[in-house]
Amino acid sequence: MSNDQSGQIIYVVSDSIGETAELVVRAVVSQFDSRLIDIQKYPYIEDKTSIDEVIASAKESKAMIVFTLVIPELKAYIMECAAAAGIPIIDIMGPLLSTLQETLNVSPTGKPGLVRRLDEEYFRKVDAIEFAVKYDDGRDPRGLLRADVVLIGVSRTSKTPLSMYLANKRLKVANVPIVPEVDPPEELFQVPKERCIGLIINPEHLNAIRTERLKALGLTAQANYANLDRINQELEFSRKIIERIGCPIIDVSQKAVEETANIILEIIKRNQAKK
């Protein structure tokens, strides 16, 4: 579009991807005939040389500049250069940043791209939660090879609550229930042992948990599920599987979910430090 009296070019300049500035500009442009306005993006402007190039182009095109630069030095530089070149310029974030700084008496971080990073963190968490739900309780063994963490243990060793807690830490977690009558999926033995966590529990403590669970379901506490001999059989079978894998073991008998999760996070941190 030629820049005559009936039209305007707007340069959207950002030290990140430029989504914030572009959204604001497009919201404003929607109030006019969009055919009269040409929006051009200049993302990842991170040095004075890049600003010089934008200023030169804007001057030649008779464009105006709308920017979101949070690094103080670059912000001051583009404002100074635009003024010297007679280019109309608008700082989208500046007034709000200044007001908040005065109100809170705290300086802004001055780091570009934080909104995008927050969005990325949010979507990573959502993906992890969806993963935990999909691959809970051994529903689909194909997920084991894609998991960041695989929890292994008998019923009522907090596998599901742990999966959800760790998912909120943006980890993709699958869990496998161990039952003597059912062979674990072959995929379990293909997962690197450092990504597996074996959960064990005191037989008497598990008996108490399962008894309360049966009562909550309106079932008799004498059911095989809470039988101590059966529990010992399950735990012995589970221990053999865990030993075969060779993964870290956590006794969850007297631990809250948060405590066990923190131990797992520490194990992951140590493993990553070794790489």
Side-chain angles (χ1 to χ4, degrees), residues 1-131 146 148 168-172 272 275:
M1 181 191 70
S2 62
N3 186 39
D4 53 31
Q5 292 180 342
S6 61
Q8 177 64 55
I9 299 174
I10 301 177
Y11 283 9
V12 174
V13 179
S14 175
D15 44 22
S16 184
I17 197 169
E19 289 176 331
T20 302
E22 184 180 14
L23 282 171
V24 173
V25 170
R26 291 196 180 279
V28 173
V29 167
S30 69
Q31 301 297 314
F32 300 88
D33 184 344
S34 60
R35 292 173 298 178
L36 302 178
I37 301 171
D38 182 16
I39 300 172
Q40 299 181 18
K41 281 181 64 175
Y42 289 82
Y44 303 113
I45 300 299
E46 299 173 333
D47 54 54
K48 291 183 178 180
T49 301
S50 298
I51 289 176
D52 289 339
E53 293 172 357
V54 170
I55 293 293
S57 178
K59 185 174 182 179
E60 181 180 349
S61 302
K62 296 183 173 58
M64 65 182 294
I65 295 175
V66 175
F67 74 91
T68 51
L69 299 177
V70 296
I71 299 174
E73 182 183 6
L74 295 184
K75 175 182 170 181
Y77 186 71
I78 196 170
M79 295 286 286
E80 178 186 337
C81 292
I87 299 170
I89 187 166
I90 298 170
D91 177 7
I92 288 181
M93 296 175 64
L96 181 55
L97 279 170
S98 297
T99 303
L100 279 175
Q101 182 175 356
E102 292 174 6
T103 303
L104 300 174
N105 197 28
V106 175
S107 297
T109 62
K111 294 180 181 178
L114 292 182
V115 171
R116 190 179 78 258
R117 291 175 205 170
L118 287 172
D119 286 344
E120 288 172 354
E121 292 294 296
Y122 170 77
F123 286 115
R124 280 181 59 198
K125 181 187 290 188
V126 170
D127 285 344
I129 292 171
E130 290 178 348
F131 187 95
R146 294 173 46 215
D148 297 317
N168 275 280
K169 301 294 184 180
R170 299 174 296 283
L171 290 171
K172 292 183 177 179
Q272 290 175 339
K275 293 180 181 179

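Just so it is clear, the values below take in all heavy atoms, side chains as well, and ignore hydrogens, waters and symmetry mates.
- Tested against Phe67, the residues Ile89, Ile92, Ile90, Ile51 include a single side-chain contact (heavy atoms from CB on, under 4.5 Å) partner, Ile89.
- Taking the side chain as every heavy atom from C-beta outward, Phe131 and Arg146 approach each other to under 4.5 Å.
- Side-chain contact check for Asp52 and Tyr77: at least one donor-acceptor pair (N or O, by modelled atom type) lies under 3.5 Å.
- In terms of heavy atoms, Ile45 sits closest to Leu74 at O-CD1, 4.0 Å.
- In terms of heavy atoms, Cys81 sits closest to Ile55 at CB-CG1, 3.8 Å.
- Between the Lys41 side chain and the Ile17 main chain, a donor and an acceptor come within less than 3.5 Å of each other.
- Under a cut-off of 6.0 angstrom, the local environment of CG in Asp33 is crowded, with over 12 non-hydrogen atoms contributed by other residues, nucleotides or ligands.
- At distances below 3.5 Å, at least one donor-acceptor pair connects side-chain atoms of Thr103 with backbone N or O atoms of Thr99.
- Other residues, nucleotides and ligands contribute at most 12 non-hydrogen atoms within 6.0 Å of the CD atom of Glu73.
- A donor-acceptor pair is defined here as one N or O able to donate and one able to accept, closer than 3.5 Å; such a pair exists between the side chain of Asp148 and the backbone of Lys172.
- A heavy-atom distance below 4.5 Å is not found between the side chains of Lys75 and Val70.
- Val29 is listed as a side-chain neighbour of Ile39, based on a closest heavy-atom distance under 4.5 Å.
- You'll find the side chain of Ile87 reaches within 4.5 Å of the side chain of Lys59, heavy atoms only.
- Atom CG in Asn168 sits 4.5 Å away from atom CD1 in Ile129 (nearest 0.5 Å).
- In plain terms, the two heavy atoms of Pro88 and Ala63 that are nearest each other are CD-O, 4.1 Å.
- Judged by distance alone, the side chain of Ser57 and the main-chain N or O of Val54 form no donor-acceptor pair under 3.5 Å.
- Side-chain contact between Asp91 and Leu69 is absent, with no heavy atoms from C-beta onward closer than 4.5 Å.
- Heavy-atom minimum distance, Gln8 versus Met64: NE2-N, 3.3 Å.
- Residues Ser16 and Ser14 share a closest heavy-atom pair of N-OG, 2.9 Å.
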